[in-house]
K.L.:
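I have a structure here, written as structure tokens, and I will follow up with some questions on it.
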4 protein chains.
Amino acid sequence: MARRVDPERHEARRLQIIGAGLTVLAERGYEGATTAAICREAGIGSGTFFHYFATKTELVLAILELGTAETVEKAAALEGRTDPLGVLLDLLGSWADDAADPRIPGFVRAVAGVMHLPTVAAALAADDRAQRDLLLPWIERGQATGEVRTDLPPARIASWLALLSGGFLERVSVDDAFTVDTERDLLVATARVFLLGHGSAADATTGTRR
Amino acid sequence: MARRVDPERHEARRLQIIGAGLTVLAERGYEGATTAAICREAGIGSGTFFHYFATKTELVLAILELGTAETVEKAAALEGRTDPLGVLLDLLGSWADDAADPRIPGFVRAVAGVMHLPTVAAALAADDRAQRDLLLPWIERGQATGEVRTDLPPARIASWLALLSGGFLERVSVDDAFTVDTERDLLVATARVFLLGHGSAADATTGTRR
Amino acid sequence: MARRVDPERHEARRLQIIGAGLTVLAERGYEGATTAAICREAGIGSGTFFHYFATKTELVLAILELGTAETVEKAAALEGRTDPLGVLLDLLGSWADDAADPRIPGFVRAVAGVMHLPTVAAALAADDRAQRDLLLPWIERGQATGEVRTDLPPARIASWLALLSGGFLERVSVDDAFTVDTERDLLVATARVFLLGHGSAADATTGTRR
Amino acid sequence: MARRVDPERHEARRLQIIGAGLTVLAERGYEGATTAAICREAGIGSGTFFHYFATKTELVLAILELGTAETVEKAAALEGRTDPLGVLLDLLGSWADDAADPRIPGFVRAVAGVMHLPTVAAALAADDRAQRDLLLPWIERGQATGEVRTDLPPARIASWLALLSGGFLERVSVDDAFTVDTERDLLVATARVFLLGHGSAADATTGTRR
DNA sequence: CATGAATGAGCATTCATTCAT
DNA sequence: TATGAATGAATGCTCATTCAT
């Protein structure tokens, strides 16, 4: 009765469930995504699910961690690049491309709905941190080479790039006329203008009343 | 003969429940916000809740509609202004200020989590439409006077202002270092640069690989 | 601040509620007949209902008592008759006619559904008793004059007349093809045959296996 | 690989719940029979109930369908009989015997109370139809052989047999002195007289005033 | 008396999770 | 390891009833 644990098979199954979870969570939100629905989508029995994830929340965390891991991988792939501005714009572009998978914005919304769960908040914070850790060195290098505006600290610039990327994702998911195809280039262009700091600081507040 | 029409009392109660709902939904998300918790917060019995809202979802819709109504009111208050760019930046600024009430971003996240409910999606779409209807005439006037870039159709510019506003809201709710106080002015400044169209179009795609 | 109790007005209101209750109970059954629905039908406020009946059940009891009272009145109207068989058949006929008001069988069904409530069971028993009290003397007289079979005690005959009347009511309410108009005469004819005792006793059990 | 198909176990459980439902419904009526009470009676958890029946109403329908099925089985068991009258009286007798299980009349009352639910009405109609389908061929054969009166169409005779059977059931459940044991034979005898048509038609309406 | 807003006990039903096989 | 039957805590919602006006 030897039962090889066969870690490959295990990992494959795990990814299969993660894919099903992503699909169902995106479609129906956290509460709408019953474990039963996820299992059906994954083609497994309800008991099997809990062999791989102790709770439904843990599945969500696993998906988030997968995203974080991808961010880290992205960092490695950029080793050797010498054009900080280009790198930053490439990153923005690649995040825009992520939004083309319709499950991504749906999943992001689903997660937003359970951000009050401490574990989810923590995973989201970790994801955010990974994104910043990826951006910061390139921002700093860009500022050093003069390609990136220096009137704002790197951390703040990172936040604003995240703002653009997050806002873009939301638009795609909410606004039918706003698609990755048609708007991606404008995202990159807008980010470039922001990073260059054109027309910035000095007269920033003119013409607006609080 | 009883005199109980008192629509004032009714409206007051209704707003009291809406306030409690806003608080609890922001804190705990849609599912975490049990009707029991909302009633406790509002200081009413569970039955009373359903005198005012037939459904928990209907409370959410009422809150959203309140927001839509505020947008419409804002439009009226702008009558007579002759500086389209100033108006647009004021609007951005006022949306940024909305984010200062910590319940707003929390509520927005909660709603995102149930956007798969058709009624919620519809209300959100109506809200979006009201926002665009508010922006579009000013964008068009700004283009006519030359204050606003003309390389993009008005509808697209409206989407991008919504992107900035939405991204801002998300950042505030996710990133502790990103506060309305410190970032509001930069939002307005960034929007101005975007609306002016500095450094746009021509070289937009340079330096980014898809 | 003189408030004349005006017992007439009170009684009228009471009957109005009873009528509404009869209608709604017949249509929707006991549980489906919410007090709110009855009040709407009666055109009164929900509070008013409880000025006339302490509980919903009490309304049901009041309706049943009304029926019992009618039975008693019927008894009085028969004073002076000298044809026991004719009286009995007239009674059967008049009960059949009651079933022509479509609310009656519906109400009977509704009451059957809450017969497990002791108060309802008691009222129903009282109704049954009134019916028997009405029948028994005429059965006895009929047996004395030889018009009615004597092989069964009067109480049993009364039960069987109730059986015919109850079964008739049920058929009318369940079977679209079975109407008071078409079946009333056959009911009376069948009851007559039963009361006369044609073909009875001796060979009753032949040809049937238990 | 799990082996849990075990449809036998499933069916057994199902019947166990049906039995408990029959008991509790008969005792307390539809509304009084809370799912909690039924589960307690059946010795199962509340969740288990809904593995077997999607709805409390569906349990009622299942019980009714069981009855309909029994009627159909009865039909099969009569194949080969050549005495139509005997068959009809046997059927009446067997329905009387059903009433000996005290849960049957109680259940019938409970169902009467929710006949306004369309699904219940439909199931009841199906039951009625099955009963008629069982009776009709034997009535027709009886008329052909001259054993059964021919002054009434078969469908009407079927209705009247149902009237007798339904009235009997009601009496048993309402009248303590009316028991299956003491009245069964009289039911059969009365049905026989009715089927033979003794003393019928011609003078049917004499002596009764409408 | 008449009213209808307020109440909260009570109920059907859902669903994440467990566990025997 | 895979399964799905069993579980019961938790929740949204209903409705008879009360009571201040």
Side-chain angles (χ1 to χ4, degrees), chain A residues 1-6 9-10 13 31-39 43-59, chain B residues 1-6 9-10 13 31-39 43-59, chain C residues 1-6 9-10 13 31-39 43-59, chain D residues 1-6 9-10 13 31-39 43-59:
Chain A
M1 270 197 216
R3 288 255 183 61
R4 260 95 36 83
V5 189
D6 199 344
R9 207 170 180 69
H10 189 272
R13 198 73 134 163
E31 322 244 336
T34 64
T35 54
I38 296 170
C39 291
I44 60 171
S46 65
T48 308
F49 179 94
F50 292 93
H51 278 312
Y52 291 87
F53 303 97
T55 62
K56 192 170 85 165
T57 303
E58 213 159 85
L59 168 63
Chain B
M1 251 149 266
R3 198 67 37 69
R4 187 58 52 72
V5 194
D6 207 346
R9 205 169 183 72
H10 188 271
R13 199 74 137 162
E31 321 243 338
T34 63
T35 54
I38 295 170
C39 291
I44 59 170
S46 65
T48 306
F49 180 93
F50 293 95
H51 270 322
Y52 289 87
F53 303 97
T55 282
K56 193 170 85 165
T57 303
E58 213 160 85
L59 168 63
Chain C
M1 270 198 216
R3 287 255 182 61
R4 260 97 31 88
V5 188
D6 199 345
R9 207 172 181 68
H10 188 273
R13 198 73 135 167
E31 324 243 335
T34 64
T35 55
I38 295 170
C39 292
I44 60 171
S46 65
T48 306
F49 179 93
F50 291 92
H51 277 313
Y52 293 86
F53 303 97
T55 62
K56 192 169 85 165
T57 303
E58 214 158 85
L59 168 63
Chain D
M1 250 150 267
R3 201 67 37 72
R4 186 59 49 73
V5 194
D6 206 345
R9 205 170 184 71
H10 187 271
R13 199 74 137 161
E31 321 242 337
T34 64
T35 55
I38 295 171
C39 291
I44 60 171
S46 63
T48 306
F49 179 93
F50 291 94
H51 270 321
Y52 289 86
F53 304 97
T55 284
K56 194 170 84 165
T57 303
E58 213 159 85
L59 168 63

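Chain letters run A, B, ... following the sequence lines, proteins first, then strands; residues in each count from 1.
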K.L.:
Starting at CD1 of I44(B) and ending at P of dG12(F), how long is that distance when rounded to a whole Å?
P.N.:
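About 13 Å, once rounded to whole Å.
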K.L.:
What's the CD-P distance between E58(D) and dA12(E), to the nearest Å?
P.N.:
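For the pair E58(D) CD and dA12(E) P, the rounded distance is 15 Å.
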K.L.:
Out of dA5(E), dT3(F), dC1(E), which nucleotide sits closest to the side chain of R13(A)?
P.N.:
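My answer, after comparing the listed nucleotides, is dT3(F).
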K.L.:
Of G45(B) and T48(C), whose closest DNA chain E nucleotide lies nearer the 5' terminus?
P.N.:
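Nearest nucleotide further toward 5': that of T48(C).
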K.L.:
To the nearest Å, give me how far apart CZ (R9(A)) and C1' (dA2(F)) are.
P.N.:
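Atom-to-atom, R9(A) to dA2(F), this comes out as 12 Å.
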K.L.:
Can you give me every donor-acceptor pair (side chain of residues 44-57 of chain D, partner residue at least two apart or in another chain, under 3.5 Å) with its distance?
P.N.:
unit_1 : atom_1 : unit_2 : atom_2 : d
K56(D) : NZ     : Y30(D) : O      : 2.7
K56(D) : NZ     : A33(D) : O      : 3.1
T57(D) : OG1    : Y30(D) : OH     : 2.7

K.L.:
If pairs are Watson-Crick or G-U with both distances under 3.5 Å, what is the dot-bracket string of DNA chain E, marking crossing pairs with [ ] and pairs to another strand with |?
P.N.:
.||||||||||||||||||||
K.L.:
Kindly give the atom pairs (protein nitrogen or oxygen, nucleotide nitrogen or oxygen) under 3.5 Å for nucleotides 17-19 of chain F.
P.N.:
unit_1  : atom_1 : unit_2 : atom_2 : d
dT17(F) : OP2    : K56(C) : N      : 3.0

K.L.:
In whole Å, what is the span from the OH atom of Y52(B) to the C1' atom of dT7(E)?
P.N.:
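Atom-to-atom, Y52(B) to dT7(E), this comes out as 12 Å.
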K.L.:
Take the protein atom CZ of F53(C) and the nucleotide atom P of dC1(E), then report the distance between them rounded to whole Å.
P.N.:
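Distance check: F53(C) CZ to dC1(E) P gives 12 Å.
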K.L.:
To the nearest Å, how far apart are H10(D) NE2 and dT3(F) P?
P.N.:
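Nearest whole value for this atom pair: 19 Å.
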